[in-house]
Amino acid sequence: MKVRFAPSPTGPFHIGGARSALFNFLLAKKEKGTFLVRIEDTDLARSTKESEENIKAALKWLGMNWDEGIDVGGDNGPYRQTERLDIYKKYVDQLIKEGKAYYCYCTEEELDKEREAQMARGETPKYNGHCAHLTEEQIEQYKKEGRKPTVRLRVPLNQTVAFDDMVRGHIAFESNGIGDFVIVKSDGIPVYNFAVVVDDHTMGITHVIRAEEHVSNTPRQLVIFDALGWQAPTYGHISLILGADKKKMSKRHGATSVDQYRQQGYLPEALVNFLALLGWSPEGEDELFTMDQLIEQFSMDHVAKNPAVFDIDKLNWINFHYMKKLSDEELYELCLPHLQAAGYAPQSPSADEKAWLMMLCTCVRDHVSYGAQIVDQVKMFFTDSIEEDQEHAADIQAVKDEDTYKTVVAAFKDKLQAMDQVTPGAVKAAIKSIMKETKLKGKFVFMPIRVAITGQMHGADLNYIVTLFGKDKTAARLEAALA
RNA sequence: GGCCCGAUGGUCAAGCGGUUAAGACACCGCCCUUUCACGGCGGUAUCGAGGGUUCGAUUCCCUCUCGGGUCACCA
């Protein structure tokens, strides 16, 4: 078995592309086959080197290293389509010689006009065969006019083009609906559908897993395979990823590129795990898997046909799970860039600063499901004023209205002033003794202090919050609460 | 509009003629924690509609509806 992932380097690496790559990767590894990566850059205008690098980096970041293809090499290179032009030319020439393809001199304006006319008549727009049987004289005439021809494939009429899809089952199209389509553009570069066929065949691809949007391309590719006398690979079309409004996931749905998730502080293991669960379901009841476990469990039988809505809540939950496994040091590494971006951490922290920042990260880790989220959680440590949580305003007021509110706050302030050093342990002891002295139980001691210092009903461990603020800042806040 | 694909809770989904219709996220409740969270336990909630086939349809067939994809000298 040999599968491939063939991205076009025309922009940010989309999350859907990552999922296609993942399913190919998983299948290849599961079947002990080969995972090949090739670059489809025949769109000269939109392809960029930067995008190619971005895609390769993202693939590696996600843990999908390829066995053959771009950069790593192999027996079937080159693996960038623009470097394979002579290979395509050979087969185009062959098709023309055999009369299976022909030059078309129609201009884009002429084609546009014809298409509009067909649409107006309610017909399926397709090439009308204008240049299918040109005479020598006509060809000479067009050449004299300086027209640059495209090459079209003669698509046989009255045939059923069908294939058995690994996820969708039998799918059939009528060849009459296709029309002679362009396989080489007027600039001499083959069109995607043609290059794909030549590559898939010459590279020995046996199975193609790609997104559902390619279903309607498949009959065209099948017709090319047929014209060339080759056998087509087995296809599997996976459904699309949708936004919350059930429309194809796009920019307006938020982050759509792998890089954006990386930048937001998501872990590659989490993204892989999440993507795998979008459209594929495991046998058992567990849903948390490492890449190796996914490979072990993966099967095309359990790939869903219907499109899936991208659920950020679930991604966050999975990411939270993987973040829990991080050591304090790793957590700090993940969060530091975000703290720096927010101006909460210096570019190169000293040992003391690092120790404080690490405690900061550890303190709020139960409330952070991806790196960038830490900024919100620690905001209060970097502002002088207390921002009260509006959503729980009533609860906060209730705490303040408690008869013992000021008693507790004042008592804690005294204990704090008396401390030699503020540490989580010291704070804990202080709170404990207040409970003993006032005979108040947990909540009635913790909440007044929490509200006075943070203005929130929820949050991280109070002992650490106080320690992080330090004696002076905490005292000032307690003071303000008493006023 | 033509062609193609799809339809189980709010979301991801299992199911493949007979089930009390799994599980996960989210939500709600309880327990734990002398606070908050984490964690544990439990709960609410789903077969798009109508026809068939069948002793019996979520499951098979048809129609409708809805959703999506695609109709390029883009991939």
Side-chain angles (χ1 to χ4, degrees), chain A residues 6-11 40-43 45-47 81 104 106-108 111-112 115 118-126 148-152 165 167-169 171-174 176-179 181-193 195-196 211-219 237 239-240 242 244 246-248 274 277-288 302 304-318 320 324 364-367 399 431-432 435 440-451 454 456-463 465:
Chain A
S8 300
T10 54
E40 312 217 323
D41 58 346
T42 54
D43 186 341
R46 294 196 303 146
S47 295
Q81 290 187 327
C104 169
C106 294
T107 63
E108 289 194 60
L111 294 169
D112 285 346
R115 189 176 311 116
Q118 287 171 330
M119 297 271 255
R121 271 179 266 138
E123 295 171 11
T124 303
K126 63 173 190 177
K148 287 248 190 300
T150 59
V151 178
R152 287 182 185 273
D165 193 278
V167 348
R168 275 151 219 289
I171 301 178
F173 293 85
E174 293 309 317
N176 291 7
I178 300 174
F181 58 92
V182 173
I183 55 175
V184 181
K185 298 181 249 184
S186 56
D187 61 2
I189 308 285
V191 108
Y192 159 79
N193 278 131
V196 164
E212 188 186 352
E213 56 198 339
H214 288 288
V215 170
S216 52
N217 274 322
T218 309
H237 290 93
S239 58
L240 265 12
L242 272 26
K246 305 240 179 190
K247 302 276 183 207
K248 186 173 169 179
F274 173 69
L277 256 22
L278 222 48
W280 168 80
S281 58
E283 290 272 2
E285 296 188 347
D286 291 339
E287 299 205 335
L288 268 358
H302 281 77
K305 295 195 252 293
N306 48 318
V309 172
F310 187 95
D311 182 9
I312 193 74
D313 283 336
K314 185 129 184 187
L315 204 214
N316 286 158
W317 175 76
I318 293 176
F320 179 76
K324 268 196 294 193
V364 300
R365 71 182 297 166
D366 281 346
H367 303 264
V399 169
I431 290 174
K432 214 165 189 177
M435 286 190 291
L440 289 167
K441 63 175 178 134
K443 192 172 160 177
F444 293 93
V445 176
F446 280 98
M447 290 319 283
I449 299 172
R450 179 181 291 282
V451 166
T454 70
Q456 312 278 319
M457 291 296 290
H458 311 281
D461 188 306
L462 202 46
N463 302 326
I465 290 178

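- A heavy-atom distance below 4.0 Å to RNA chain B is reached by these residues of residues 278-288 of chain A, ordered by number: A/L278, A/G279, A/S281, A/E285, A/E287.
- Side-chain contact between A/F173 and A/V215 is present, with heavy atoms from C-beta onward closer than 4.5 Å.
- For A/W317 and B/rU11, the CH2 to P distance is 19 Å, given to the nearest whole Å.
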Sub-3.5 Å pairs of nitrogen or oxygen atoms, protein against nucleotides 5-7 of chain B:
from  : atom 1 : to     : atom 2 : distance (Å)
B/rC5 : O2'    : A/R168 : NH1    : 2.3

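- Residues that satisfy the side-chain hydrogen bond (donor to acceptor under 3.5 Å, both in side chains) test with A/D311, not counting sequence neighbours, are absent from this structure.
- A/E213 has its side chain within reach of A/K248: a pair of non-hydrogen atoms, C-beta onward, lies under 4.5 Å apart.
- What separates CD of A/E174 from C1' of B/rC3 is a distance of 10 Å, to the nearest Å.
- Partners of A/E283 under the side-chain contact (heavy atoms from CB on, under 4.5 Å) rule, at least two apart in sequence or in another chain, are A/Q297, A/H302.
- Applying the Watson-Crick and G-U wobble criteria (two distances, each under 3.5 Å), B/rC47 pairs with nothing in any strand.
- When the side-chain contact (heavy atoms from CB on, under 4.5 Å) test is applied to A/T218, the partners found at least two apart in sequence or on another chain are A/F163, A/R210, A/L222, A/Y235, A/H237.
- A donor-acceptor distance shorter than 3.5 angstrom exists from the side chain of A/Q118 to the backbone of A/K126, with no hydrogens or angles considered.
- A/P219 and A/I178 make their closest contact through CB-CD1, 4.0 Å (heavy atoms, listed as atom of the first residue, atom of the second, distance).
- We find that CG of A/L315 is positioned 14 Å from P of B/rC12, with the value rounded to whole Å.
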request  = Scan nucleotides 70-75 of chain B nucleotide by nucleotide, 5' to 3', and note B when protein non-hydrogen atoms come under 4.0 Å of the base, S if they reach only the sugar-phosphate, - if neither.
outcome  = SSSBBB
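- Without hydrogens or angle criteria, A/K185 side chain to A/T42 main chain gives a donor-acceptor distance under 3.5 Å.
- The salt bridge (Lys or Arg N to Asp or Glu O under 4.0 Å) search around A/D461 returns none, not counting sequence neighbours.
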Taking only N/O atoms, report every protein-nucleotides 31-37 of chain B pair under 3.5 Å with atom names and distance.
from   : atom 1 : to     : atom 2 : distance (Å)
B/rU34 : O2'    : A/G442 : N      : 3.2
B/rU35 : O2     : A/R450 : NE     : 3.4
B/rU35 : O2     : A/R450 : NH2    : 2.9
B/rC36 : O3'    : A/H458 : ND1    : 2.9
B/rC36 : O2'    : A/G459 : N      : 2.9
B/rC36 : O2     : A/G459 : O      : 2.6
B/rA37 : OP1    : A/H458 : ND1    : 3.0
B/rA37 : O2'    : A/H367 : NE2    : 3.4

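- Residues satisfying the side-chain hydrogen bond (donor to acceptor under 3.5 Å, both in side chains) test with A/D366, not counting sequence neighbours, are none.
- Rounding to whole angstrom units, CZ of residue A/F310 and C1' of B/rG10 are separated by 17 Å.
- Checking B/rA24 for Watson-Crick or G-U wobble geometry (two distances, each under 3.5 Å) identifies B/rU11 as its partner.
- Taking side-chain N and O atoms only, A/K324 has a distance below 4.0 Å to OP1 or OP2 of B/rG39.
- Atom CG in A/L277 sits roughly 10 Å away from atom C1' in B/rC25 (whole-Å rounding).
- A/Q456 meets the side-chain hydrogen bond (donor to acceptor under 3.5 Å, both in side chains) test with no other residue; sequence neighbours excluded.
- The side-chain hydrogen bond (donor to acceptor under 3.5 Å, both in side chains) test applied to A/H214 returns A/Y192, A/N217, not counting sequence neighbours.
- The interatomic distance linking A/H302 (NE2) with B/rC12 (C1') rounds to 15 Å, in whole Å.
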message = Within the 4.0 Å limit for protein heavy atoms, which parts of nucleotides 42-48 of chain B are touched? Write it as a string from 5' to 3', B for base, S for sugar-phosphate only, - for none.
response = -------
